[in-house]
Undergrad: 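This is the structure, below, for whatever I ask next.
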Protein chains: 2
Amino acid sequence: MVTEKLLKQIDFIKEIDKIKYIQRRTKLFNSDRQENDAEHSWHLAMMAIVLSEHSDYEIDLLKVIKMVLIHDIVEIDAGDTFIYDQNKNHENTEEELKAAQRIFGILPKEQAEDFIKIWIEFEEGISNEAKFARSMDRLEPLLQNTSNDGGTWKEFGVKYQTVYDKKKVIKNGSKKLWKFAENLINDSVQKGILKK
Amino acid sequence: MVTEKLLKQIDFIKEIDKIKYIQRRTKLFNSDRQENDAEHSWHLAMMAIVLSEHSDYEIDLLKVIKMVLIHDIVEIDAGDTFIYDQNKNHENTEEELKAAQRIFGILPKEQAEDFIKIWIEFEEGISNEAKFARSMDRLEPLLQNTSNDGGTWKEFGVKYQTVYDKKKVIKNGSKKLWKFAENLINDSVQKGILKK
């Protein structure tokens with residue numbers, strides 16, 4: 001009754017435990033402790049549920065949640081790349097695709113293909129679901145940095161225009177959330193925690 | 001354009017960051033580090049997605065995911081109670097209901113009511129979705145303890161029969177997963193990491 005298929009699924013469930021060790025640069029809210037990828041992914045899924053009504057497009061919420069829950073699993077092999085790193089491309093690397101194939105490939109074939117497809121869809125950022133999922137991914141660290149007195153912006157000397165350009169992705173998913181985010185960014189300049 | 005409603009949602013998103021500080025007794029896989037509630041909830045959501053085909057009943061997967069993502073948020077106020085604690089009732093406490101009302105109550109009214117309803121449904125464990133969600137909640141620490149040389153069973157001297165009785169909840173969601181879990185429990189006795 002315990003099938004080969006189930007055993008593969010259990011192996012995958014054990015393997016992905018490793019994202020709990022992948023540290024991001026951003027810190028928890030009002031905190032000095034860095035966030036890890038599992039915590040980050042949980043938070044994005046919660047945000048997607050809470051904020052879904054603000055999506056500019058009709059979205060399949062279950063798909064959005066799948067996207068945000070799995071989007072960082074590739075970092076088990078490829079590591080976290082800081083969004084403001086000027087030397088390393090943040091996304092769509094060969095390394096990440098290899099990681100997706102190895103890690104999702106632990107699953108039974110059909111399921112593996114499904115996960116890889118959803119991960120690629122998120123990375124491409126074209127579908128309505130990917131647009132909204134990516135808004136969540138940009139919004140969380142914005143909330144964190146503004147609650148952490150500038151957080152990684154201050155720590156790494158990131159300037160207003162760079163932040164603004166990176167965060168503009170939010171607009172692709174929701175004009176309302178972008179308005180909110182834009183206000184936060186501008187307030188941060190006013191407060192002196194983000195430099196023009 | 002930035003509404004009162006959105007501001008309440010953002011307040012809630014900030015408040016729930018606190019579950020990242022709630023430590024469980026169980027440790028990560030092959031590890032000495034305790035798991036926190038955000039990591040645990042992320043893992044259960046991933047398990048629900050990967051294992052949903054093994055549910056004995058038709059389930060609304062989105063609802064199951066919502067349940068497991070939010071089920072421990074009440075612990076921000078009520079704290080984590082160890083499942084094998086003999087002095088304290090593990091579930092459905094007055095304290096947890098109060099916590100649900102305060103924390104979900106930060107959300108706009110309709111959304112707050114919806115979250116409280118889903119949380120109560122999970123706690124009651126009667127609906128198909130709640131049964132499957134609760135199977136996930138019992139299965140994860142079983143996988144952890146068996147990968148951690150007995151983990152909390154050894155640490156707190158928990159015996160076979162107690163473990164068996166607590167884990168039997170898995171059967172309510174999936175006979176197949178219960179068969180797998182039962183084998184794991186029996187193997188643990190064979191290996192000497194769980195005492196009869």
Side-chain angles (χ1 to χ4, degrees), chain A residues 1-3 5-10 12-21 28-31 33 35-47 49-51 53-54 60-63 65-66 69-70 73 107-108 111 114-115 139-140 143-144 147 175-180 182-184, chain B residues 1-3 5-10 12-21 28-31 33 35-47 49-51 53-54 60-63 65-66 69-70 73 107-108 111 114-115 139-140 143-144 147 175-180 182-184:
Chain A
M1 205 175 165
V2 175
T3 56
K5 199 174 177 191
L6 174 54
L7 293 177
K8 283 182 183 179
Q9 290 167 330
I10 297 289
F12 175 75
I13 288 164
K14 288 183 181 175
E15 177 68 18
I16 60 175
D17 195 66
K18 294 177 185 164
I19 87 163
K20 298 171 190 169
Y21 298 98
L28 302 189
F29 289 80
N30 310 307
S31 171
R33 171 161 92 66
E35 185 178 46
N36 69 51
D37 274 352
E39 296 168 329
H40 166 65
S41 304
W42 169 81
H43 220 143
L44 297 196
M46 285 301 305
M47 289 171 63
I49 294 169
V50 168
L51 301 174
E53 68 185 276
H54 305 302
D60 171 353
L61 180 57
L62 178 58
K63 200 195 226 184
I65 292 173
K66 284 181 183 176
L69 287 176
I70 71 165
I73 285 179
L107 286 165
Q111 214 164 26
D114 189 44
F115 274 65
L139 183 56
E140 193 222 18
L143 295 175
Q144 288 166 325
S147 84
K175 279 192 278 298
K176 186 163 183 177
L177 292 179
W178 170 240
K179 188 72 211 151
F180 170 76
E182 209 181 10
N183 289 351
L184 263 189
Chain B
M1 205 176 165
V2 175
T3 57
K5 200 174 177 191
L6 174 55
L7 294 177
K8 284 183 182 179
Q9 291 167 330
I10 297 290
F12 175 77
I13 287 163
K14 288 183 180 174
E15 176 67 18
I16 60 174
D17 194 67
K18 294 177 184 164
I19 87 161
K20 297 171 190 169
Y21 297 99
L28 302 188
F29 290 79
N30 312 305
S31 171
R33 172 160 91 68
E35 185 178 45
N36 69 51
D37 274 352
E39 296 169 328
H40 166 64
S41 304
W42 169 81
H43 220 143
L44 297 196
M46 285 301 304
M47 288 171 64
I49 294 168
V50 168
L51 300 174
E53 68 183 281
H54 305 302
D60 171 353
L61 181 57
L62 178 58
K63 200 196 227 183
I65 292 173
K66 284 182 183 174
L69 288 176
I70 71 165
I73 286 179
L107 287 164
Q111 216 165 24
D114 189 44
F115 273 65
L139 183 57
E140 194 221 18
L143 295 176
Q144 288 166 325
S147 84
K175 279 192 278 300
K176 186 164 183 175
L177 292 179
W178 170 240
K179 187 71 211 154
F180 171 76
E182 210 181 9
N183 289 351
L184 262 190

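In the text below, chain A, chain B and the rest are named by the order of the sequence lines, each starting its count at 1.
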Undergrad: At a 4.5 Å cut-off on heavy atoms, which part of B:I73 comes close to chain A: side chain, backbone, both, or neither?
TA: side chain
Undergrad: Measuring from atom CG of A:L177 to atom CD1 of B:I10, what distance do you get when rounded to the nearest 0.5 angstrom?
TA: 7.0 Å
Undergrad: Would you mind telling me which of A:V2, A:V50, A:L62 has the largest number of heavy-atom pairs within less than 4.5 Å of chain B?
TA: A:V50
Undergrad: Within this structure, what is the CZ-CG distance for the pair B:F12 and B:D17, rounded to the nearest 0.5 Å?
TA: 12.0 Å
Undergrad: Report the option among B:L107, B:N36, B:I65 that has the most heavy-atom pairs separated by less than 4.5 Å from atoms of chain A.
TA: B:N36
Undergrad: Please determine, among A:L7, A:I13, A:L139, A:T3, the option with the most heavy-atom pairs under 4.5 Å with chain B.
TA: A:I13
Undergrad: Would you mind telling me which of B:F180, B:Y21, B:W42 has the largest number of heavy-atom pairs within less than 4.5 Å of chain A?
TA: B:W42
Undergrad: Of all of B:K20, B:E39, B:K179, B:M46, which one pairs up most often with chain A through heavy atoms under 4.5 Å apart?
TA: B:K20
Undergrad: Measure the shortest side-chain to side-chain distance between B:E140 and B:L143 over non-hydrogen atoms and say whether it is less than 4.5 angstrom.
TA: no
Undergrad: Minimum heavy-atom separation for B:N30 and B:S147, please, with both atom names.
TA: OD1-O, 3.0 Å
Undergrad: Checking A:D114 against chain B: side chain, backbone, both or neither under 4.5 Å from a heavy atom?
TA: neither
Undergrad: For A:I19, is it the side chain, the backbone, both, or neither that has a heavy atom closer than 4.5 Å to a heavy atom of chain B?
TA: side chain
Undergrad: Checking heavy atoms, do the side chain of B:N183, its backbone, both or neither come under 4.5 Å from chain A?
TA: side chain
Undergrad: For A:Q111, is it the side chain, the backbone, both, or neither that has a heavy atom closer than 4.5 Å to a heavy atom of chain B?
TA: side chain
Undergrad: Using non-hydrogen atoms and a 4.5 Å limit, figure out which bit of A:K175 sits close to chain B: side chain, backbone, both or neither.
TA: both
Undergrad: Locate the shortest heavy-atom distance separating B:L69 from B:A45; write the atom from each residue and the value.
TA: CD2-CB, 3.8 Å
Undergrad: Name the region of B:L28, side chain, backbone, both or neither, that has any atom closer than 4.5 Å to a heavy atom of chain A.
TA: both
Undergrad: Can you label the angle between the B:F29 ring and the B:H43 ring as parallel, tilted or perpendicular, going by 30° and 60°?
TA: tilted
Undergrad: Measure the spacing between CG of A:L51 and NZ of A:K176 and express it to the nearest 0.5 Å.
TA: 10.0 Å
Undergrad: Under a 4.5 Å heavy-atom cutoff, which of A:K14, A:H40, A:K5, A:E53 has the most pairs with chain B?
TA: A:E53
Undergrad: Return the CD1 to CE distance between B:I16 and A:M47, rounded to the nearest 0.5 Å.
TA: 9.0 Å
